[in-house]
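Atoms within a ligand are numbered from 1 in the order they appear, just like the ligands themselves. As the structure is a prediction and not an experimental result, all values here were calculated from the model. In this chain, numbering begins with 1 at the start of the sequence shown.
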Amino acid sequence: MNYKIAQRAAKLSPSLTLAIDSKAKAMKAEGIDVVGFGAGEPDFDTPQHIKEACAAALAAGFTKYTPAAGIPELRQAIADKHQRENGLTYKPSQIIVSCGGKHSCYNIIMATCEEGDEVIIPAPYWLSYPEMVKLAAATPVILPTSDKTDFKITPAQLRAAITPRTRLFILNSPSNPTGSVYTPDEIKALGDVCVEKGVLILSDEIYEHLLYDGAVHKSVASFSPAHYEHTIIVHGFAKAWSMTGWRLGWCAAPEPIAKAIDAIQGHSTSNPTSFAQKGAVVALNGPQDHLRGWLGEFTQRRTFAWKKLNSMPGITCANAKGAFYLFPNISGTGLKSTEFCARLLEQEKVAMVPGIAFGADDYIRMSYATGMANIEKGLTRMERFVQGLKK
Ligand SMILES: *Cc1c(COP(=O)(O)O)cnc(C)c1O
């Protein structure tokens with residue numbers, strides 16, 4: 001049988017991060033002692049009070065369809081979060097709860113982009129953005145950056161990339177995969193260009209709460225009413241509440257866009273899981289003290305890993321100010337990222353993600369969402385690997 005695959009799917013690249021993760025897991029299952037730095041999720045458990053609220057909802061029979069855009073209680077809790085933490089006023093009708101931040105990104109791109117449209121994406125980028133743009137039959141326009149500029153684009157670079165076809169600019173700060181964080185002034189300047197040119201901003205703020213060294217997060221929507229009107233915020237429960245498997249995220253959008261997303265969701269996934277939403281209400285409205293401990297752990301691991309990476313021959317690493325990734329430059333080793341990661345996994349049983357997956361072939365991504373003992377062991381092995389290359 002010759003199965004015809006639709007162009008939109010045939011053109012997609014499979015997720016390399018998921019592929020590396022399954023390879024490492026398969027090696028582990030064979031009894032091989034693999035150290036995995038591929039994880040895109042916190043290694044901490046979901047806080048207990050959130051799990052309990054979900055379990056109570058399940059026990060009470062909260063197991064039926066909810067409104068496609070989420071339960072009113074959760075949409076209100078999200079609106080309250082944006083008011084309280086970001087100074088942004090959203091009506092619950094502007095909030096759409098979806099099956100993860102990734103799903104929110106997809107919905108937004110589907111609601112706003114079509115054939116002939118261009119979407120500006122700074123590289124290194126989260127690998128799903130360009131693929132989603134292609135699914136919408138639109139064209140990704142990639143703006144390269146490097147560690148020399150802390151992986152940030154300039155307003156001039158953004159301005160030069162905008163054409164009459166530009167529909168959307170995707171901003172992700174703090175960033176996956178680099179951990180880079182734009183300052184409020186830098187965010188405002190990028191927002192100014194979009195406002196002037198009438199370009200919408202998809203602002204992926206899922207790592208908002210994971211910040212180090214005094215870095216601050218300011219949403220691009222918060223600088224003026226015009227910035228607000230040009231911005232769609234993406235957020236979710238995966239990272240700051242360690243709820244990746246719950247599949248819950250949201251977007252906060254201007255009313256007409258929220259309406260379009262509501263309709264798309266109503267005909268595709270319908271509502272996000274009912275009882276999971278009850279847990280999410282408590283995640284937002286309940287205590288946030290779990291974060292302090294997590295940030296302390298992350299800071300310690302990041303500092304150790306950053307120093308260790310910089311001590312290796314041929315490796316340089318910018319110190320990330322957010323998320324839980326480091327993005328070392330491996331160009332001094334003479335290898336490109338795919339070969340580097342394949343050999344590192346083969347020889348030393350250490351899993352890292354090749355930067356080429358994020359549009360940056362001179363780098364690799366290390367997630368430090370794993371315990372300190374693992375980090376010490378894995379980086380000692382990586383050091384041996386890199387020293388071996390130099391001989
Ligand atoms: C993890 C992540 C998301 C959302 O993940 P979900 O599990 O779908 O909520 C969105 N954007 C970036 C950049 C991420 O790293």
Q) Relative to the ring of F237, is the ring of W241 parallel (under 30°), tilted (30 to 60°) or perpendicular (over 60°)? A) tilted

Q: Would you mind running through ligand 1 and noting each atom that sits below 4.0 Å from a heavy atom of A238?
A: 7 (O), 9 (O)

Q | Heavy-atom check, side chain of T139 versus side chain of V133, under 4.5 Å | A | no

**Q.** Nearest-neighbour protein heavy atom for atom 3 (C) of ligand 1, which is reported as residue plus atom name and distance
**A.** K239 NZ, 3.5 Å

Q) If you measure from CH2 on W250 to NE2 on H235, what distance do you get to the nearest 0.5 Å? A) 4.5 Å

Q. How does F237 reach ligand 1, if at all, at less than 4.0 Å between non-hydrogen atoms: by side chain, backbone, both, or neither?
A. neither

Q) What protein heavy atom is closest to atom 4 (C) of ligand 1, reported as residue, atom name and distance in Å? A) I206 CD1, 3.4 Å

Q | Min side-chain heavy-atom separation R75-I96 under 4.5 Å | A | yes

Q.
Testing the 3.5 Å rule here: is there a donor-acceptor pair between the side chains of S270 and Q265?
A. no

Q.
Tell me the protein heavy atom at minimum distance from atom 15 (O) of ligand 1, and give that distance in Å.
A. Y207 OH, 2.7 Å

Q) Are L171 and V119 co-members of a hydrophobic cluster defined by side-chain heavy atoms under 4.5 Å apart? A) no

Q: For the pair N329 and D362, evaluate side chain to side chain donor-acceptor pair (under 3.5 Å) and give the outcome as yes or no after the intermediate values.
A: CA-CA 6 Å; N329 186 325; D362 283 334; 5.9 Å; no

Q: Provide, to 0.1 Å, the distance between atom 9 (O) of ligand 1 and the closest protein heavy atom, together with that atom's residue and name.
A: G101 N, 2.7 Å

Q.
Show the atoms of ligand 1 that are less than 4.0 angstrom away from any heavy atom in G100.
A. 8 (O), 9 (O)

Q: For atom 13 (C) of ligand 1, find the nearest protein heavy atom and state the residue, atom name and distance (0.1 Å precision).
A: D204 OD2, 3.4 Å

Q: Go through ligand 1 atom by atom and flag the ones less than 4.0 Å from a non-hydrogen atom of Y129.
A: 13 (C)

(Q) What I want to know is whether K102 and ligand 1 share at least one N or O pair that is separated by under 3.5 angstrom. (A) yes

Q.
If hydrophobic clusters are built from ILVMFWY residues whose side chains come within less than 4.5 Å, do W126 and I232 share one?
A. yes

Q.
Considering non-hydrogen atoms of the protein only, which is the closest contact for atom 7 (O) of ligand 1, and what is the distance?
A. R247 NH1, 2.7 Å

Q) For ligand 1, is any non-hydrogen atom under 4.0 Å from N172's backbone (N, CA, C, O), its side chain (CB onward), both, or neither? A) side chain

